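These numbers come from the heavy atoms of this one structure, side chains and all, not from hydrogens, waters or symmetry mates. Just so it is clear, the model here is predicted, and its values are computed rather than measured.
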2 protein chains.
Amino acid sequence: MGKKSIREQRKAEIIKAFYAVAKKEGLENASISKVADYAKINPSLVMHYFKTREELMVALNDFILERYLKIYRVNGAVLDTREKLIQLIENLFSRKWNRLFDDGVFYSFYAQVYRNKTFRESFKQLHDTLHLTLKKALDEAVENGVLDHPDTSALSNNIFALVDGAYYYLGLVDDKEEIERRLASYKRLAISMLEFDYQSQDTTI
Amino acid sequence: MGKKSIREQRKAEIIKAFYAVAKKEGLENASISKVADYAKINPSLVMHYFKTREELMVALNDFILERYLKIYRVNGAVLDTREKLIQLIENLFSRKWNRLFDDGVFYSFYAQVYRNKTFRESFKQLHDTLHLTLKKALDEAVENGVLDHPDTSALSNNIFALVDGAYYYLGLVDDKEEIERRLASYKRLAISMLEFDYQSQDTTI
DNA sequence: AACTTAACTGAATGACCATTCAAATTTTTG
DNA sequence: CAAAAATTTGAATGGTCATTCAGTTAAGTT
């Protein structure tokens, strides 16, 4: 008896509308009524599903972090050749970004990390998951004899530092050729990091 | 005749108040009246000196980028020994951050880069300046025979990618010990990059 | 057709927002 | 003291904001 619930679909719809508006006008300008307009529903309906704007923010944050996770999903291929390992590293620098993702919205959430514990923890957890996934892939490569490295955990962290730093800078670059040139340079460095055993490198003089 | 102008001092005062409020409550919540309250002046006075909020935003952006530049100011020391070169690299990972700077506000501006050409260009210019400054320092090291590297420009860019990526991740970390551990790892990698000629794929000392 | 449950609307709330403007105040100079 | 130039204020503007609530509509069941 009673009406069928479409709660979850509606909520998803609202979150996507919120994302779309934030993408277009900036997260700080994405108001409830703009979201409602975009979704062609009444503002009250948004409040019906999300008690406060804050709640909607958290939902959008989760939505975005899920997408982020998808981008970096390691393809299931077995890392048994050198080529496959190199391809994996190169893929890290090739976010299918523009389709799946808006950097402006992403960094707006990231900025909140410094004031909001909830956001900080969810970001931290996501990044640690990504780092760990890469570490496991690297371990597999070690087992299969295509990689020789004493600390795959540190290697994974360092590769991601390079990836994150790369995209941070590339967000400032308009010229497509320059982007490609830089990406090539970053990739080369990342691949070289596989070879170079900086742990045993003596930095004393 | 007439009254002495304190225009520039007042403007600076307002910008600092804006920064303080943004730091505490987030850039998106730093309103004109909150800024005025903080500076103990009338909201209209803020509007007198900055015709629009956007104008105030641009001013704060410039203020913040100036601070950013200061943090990375290369000490004038001559790079004639290995120690000095290594010290320079290590300094890049040691922003006197917490004192001089609020990352939340910084990344809030950075997020705007994706929607606002003015912000994108000012950020780009600043970063390119920093990269070039480091390149010049590296060139000096090469001249003085303490560094052997075929492409100091690429090296500079890559080091900064690592620095930026490092701080991006460290923003998520609460534990001070973990921060130090990671910083040490990033530094080690950066220093190893000085040695490694990834262009020709062989390990040189 | 009556009941139940959920989706949905519309109007109203008060708070806060950026911005405008005319007027008041302060300081300097002649 | 008076004129000049700047700083500063206070009140008012209209718009948008998140949120509340009472009520309506739609879709299922018995």
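Counting non-hydrogen atoms of other residues, nucleotides and ligands closer than 6.0 Å to CG of B:Asp175 gives a total above 12. By the neighbour-count criterion of 12 heavy atoms within 6.0 Å, atom CD of A:Glu55 is densely surrounded, having more than that number from other residues, nucleotides or ligands. The number of heavy-atom neighbours closer than 6.0 Å to OH of B:Tyr38, taken from other residues, nucleotides and ligands shown, is 12 or below. Within 6.0 Å of the CD atom in B:Glu177, the count of heavy atoms belonging to other residues, nucleotides or ligands does not exceed 12.
The shortest distance between the side-chain N/O atoms of B:Ser33 and the OP1/OP2 oxygens of C:dC16 is not below 4.0 Å. For D:dT8, the OP1/OP2 oxygens have a side-chain nitrogen or oxygen of B:Arg10 closer than 4.0 Å. Taking only side-chain nitrogens and oxygens, B:His48 never comes nearer than 4.0 Å to OP1 or OP2 of D:dT8. The side chain of A:Asn42 contributes an N or O atom lying less than 4.0 Å from OP1 or OP2 of C:dG10.
The side chain of B:Ser31 has C:dC17 as its nearest neighbour among C:dC17, D:dT20, C:dT27. Which of D:dT7, C:dA6, C:dA18 sits closest to the side chain of B:Ile32 comes down to C:dA18. The side chain of B:Lys4 has C:dT28 as its nearest neighbour among D:dT19, C:dT28, C:dT9.
Taking atom NZ of B:Lys3 as the reference point, atom P of C:dT28 lies 8 Å away to the nearest angstrom. When rounded to the nearest whole Å, the span between CG of A:Leu56 and P of D:dA18 equals 10 Å. Between B:Ile41 atom CD1 and C:dT26 atom P the separation is 16 Å, expressed in whole Å. Regarding B:Leu45, its CG atom lies at a distance of 17 Å from the P atom of C:dC21, rounded to whole Å. Rounded to a whole Å, the CG atom of B:Asn29 is 11 Å from the P atom of C:dA18. We find that CD of B:Gln9 is positioned 15 Å from C1' of D:dT8, with the value rounded to whole Å. Computed from coordinates, the B:Lys34 NZ to C:dA15 P distance equals 15 Å when rounded to whole Å.
Both A:Tyr49 and A:Ser44 lie close to DNA chain C; mapped to their nearest nucleotides by heavy-atom distance, the more 5′-ward contact belongs to A:Tyr49. Heavy-atom distances to DNA chain C give each of B:Lys51 and A:Glu8 a nearest nucleotide, and the one nearer the 5′ end belongs to A:Glu8. Each of A:Met47 and B:Pro43 lies near DNA chain D, and the nucleotide nearest B:Pro43 is the one positioned closer to the 5' end.
Cation-pi geometry between A:Lys11 and A:Phe50 is met: the NZ or CZ atom falls under 6.0 Å from the ring centre, inside 45° of the normal.
No engagement by B:Lys40 is indicated, since no non-hydrogen atom pair under 4.0 Å with the nucleic acid exists.
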